[in-house]
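Chain letters run A, B, ... following the sequence lines, proteins first, then strands; residues in each count from 1.
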Amino acid sequence: MPAHDAGLHNNRQDRPISSTQSPMLSARNVVKSFGGFVALDKCTLDIAARSITGIIGPNGAGKSTLFNVFAGVTAPDSGTMSLGGRNIAGLRPDQLAGLGLVRTFQISRELGELTVIENMLLASPTQSGDAVWRLLFNPGRVRTEQSAAIAKARALLEQVGLWQLANEPAKNLSGGQKKLLEISRALMLDPGIILLDEPTAGVSPLMTKMLGETITRLRDQGLTFAIIEHDMDVIAELCDPIYVLAEGRTLMSGTFREVASNRDVMHAYLGKVA
Amino acid sequence: MISFIVLMSIVICFSAILALALNFQWGLGGMVNFGLAGLYALGAYACALLMLKGGFNTFFATIGAMVIVGVISGLVAFVTLRVAEEDYFAIVTLGVGEMLRLVALNEDWLTRGALGLSGIPRPFGELVPAEYYAYFMLAISAMLVAATVWFLNRVARSPFGRIMRAVREDDVVAATLGKYVLWARVRIFAIGGALIGLAGSLHAFYYQYIDPTQFSTIVIAYAFMAVIAGGRGAHAGTIIGAAVVMVLLEGSRFAKDIIPWLDSDQLSAIRIIIIGVGLILLLIFRPQGFLREYRLQVELK
């Protein structure tokens, strides 16, 4: 895996993310409402560097909205957010991606008409060929960069067993393969933090295990993860700490044992019984 | 008959460039352009007016028309997409197209309104003998089609081509992967616009006379048909699509000789029916179109 390691550790210097700073990503009193529905109600949360932070909560608790707000997809009504100490309110998704923050989606959003390798290359940050004039006046540079990006994509795809499918349109992959592709594609950006929205939803147990191993390995290599997940086995195995969201607020946080034994959490999930 | 084929081939060439522009914007970039006819008219009028009123030669008038249509297209995309969802964009393009047509029809001081502009010079019009001019025009048009395809293939296979297709498939994903979607769309529309300007210039050179009726909304339908028949995103397919549509349109004039009991009114209606039926058959039996867009293939070893 040498190629991959190199890819992860040559994060550009100008990025505010570094593993010594903590917390890496934080939200303070973030409010977001859609019409009359308050999805996030003064939500406050910290994601520590090099952690695998779990985010759980009943449906409608605001988990996906929180990710959308973090990733710049949805603008919050009020509150502050910071990434590695830098204020990130109002930044566009592409600017946040440039700072090393990437999110994946609950229902995998592969770019179906693009092949697996094209999905990967798209995410590669260094591409002069993004500018049309360079295609015409400096095609050599575009070509060199493309071969480097293909080598990097290959290393990532081989790790998750997708290289043999590189020329396949992404729409032809299985659900689990699409999830793996989404995470691999996110890694092409050399991110510092990845927000995973239900990575194991609709994924076979074997693939879930593989995903878990991949996430742990990447964390050990220096990445930070925040994971929204409904599968409590996955949460118990991977995540520490765990935040419980309910009605747009942080109900509590702690280890899996602490969270699982908390009465308020029970109430939030099951309704107020007894 | 030969001269008819040559003239039709010229028409196919500039229709193909127009269809290629739409294929670039919509087929690859996912941006619906219902203002195509208006922008096409803008290209033709800009080229003609730059020569007739601005004193430009044919070459610089063409470049000027490309720049004007490109810049206006880019501005339309920027102004609209900065504030509105992409769904509204199609409606805005429709409005812009109609606006341009109305300007051409009503601003008599500039465009001579419904009278149209006549006496439009042609490239090397004085040098090439009139009896050979059609061949010369065909050669120029064919070369421009080839150059357009070369350029578009280049772009489609580049990282920018991937961005275009990604924005078409899912703009939120493209944004979370670090691509500035608004800027990408402005460029897609501007580059496509420049090609529309080129097609419009050729139109002006070919007819030497332009008036607003030549740029009716049916042009948009033909261009979309060419792209759908050719296969969204496939450049060579788009040219075939444009050729098929034009041959059916123009060639069916000869149906009068074969089927003598039809008068010309019935015939012109039947031409549209033929194209419609053809498109339906195509969508049933080959919905993906003649060809498919370029996909990068790597060696797996």
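Atoms CD and NZ, from B/E169 and A/K171 in turn, are 8.0 Å apart once rounded to the nearest 0.5 Å. B/T176 OG1 to A/N68 CG: the interatomic distance, rounded to the nearest 0.5 Å, is 10.0 Å. A distance of 8.0 Å separates CZ of B/R165 from CD of A/E113, quoted to the nearest 0.5 Å. Here CZ of B/R168 is found 7.5 Å from CG of A/L114. Values are rounded to the nearest 0.5 Å. From B/L177, atom CG reaches atom CZ of A/R103 across 11.5 Å, with rounding to the nearest 0.5 Å. Taken to the nearest 0.5 Å, the CD atom of A/Q164 stands 5.5 Å off from the CG atom of B/L300.
Considering every non-hydrogen atom in both B/A175 and A/A97, the closest pair reads O-CB, 4.5 Å. Minimum heavy-atom separation, A/N167 to B/L296: OD1-O, 4.0 Å.
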Without placing hydrogens or testing angles, list every side-chain donor-acceptor pair under 3.5 Å for residues 188-196 of chain B, not counting sequence neighbours.
none

Show every donor-acceptor pair shorter than 3.5 Å between a side-chain atom in residues 69-82 of chain B and any protein atom, with sequence neighbours excluded, or say none if there are none.
unit_1: B/S73; atom_1: OG; unit_2: B/V69; atom_2: O; d: 2.8
unit_1: B/T80; atom_1: OG1; unit_2: B/V76; atom_2: O; d: 2.6

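Atom CZ of A/F67 has more than 12 neighbouring heavy atoms from other residues, nucleotides or ligands inside a 6.0 Å radius. The environment of B/W183 atom CH2 is sparse: at most 12 non-hydrogen atoms of other residues, nucleotides or ligands sit within 6.0 angstrom.
Comparing B/L182, B/V173, B/V155 by how many heavy-atom pairs each has under 4.5 Å with chain A, the most go to B/V173. Between chain B and the residues A/P169, A/G72, A/A166, A/A71, the most heavy-atom pairs under 4.5 angstrom are made by A/P169.
Heavy-atom distances place both the backbone and the side chain of A/P139 under 4.5 Å from chain B. Residue contact with chain A, scored on non-hydrogen atoms closer than 4.5 Å, involves the side chain of B/W150 exclusively. Contacts of A/R92 with chain B are made by side-chain atoms alone, with heavy-atom separations under 4.5 Å and no backbone atom involved.
Residues B/V172 and A/P93 are not in side-chain contact: their nearest non-hydrogen atoms beyond the backbone lie 4.5 Å or more apart. Residues A/F105 and B/D170 have side chains not in contact (no heavy-atom distance under 4.5 Å, counting atoms from C-beta outward). At least one side-chain heavy atom of B/K179 sits less than 4.5 Å from a side-chain heavy atom of A/L122. Contact annotation: the side chain of B/V181 never approaches that of A/D94 to less than 4.5 Å [non-hydrogen atoms, C-beta and beyond].
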Working note: B/Q297 + A/I117, criterion side-chain contact (heavy atoms from CB on, under 4.5 Å); need CA distance, chi angles, decisive distance, verdict. CA-CA 8 Å; B/Q297 301 284 306; A/I117 189 75; over 6 Å; no
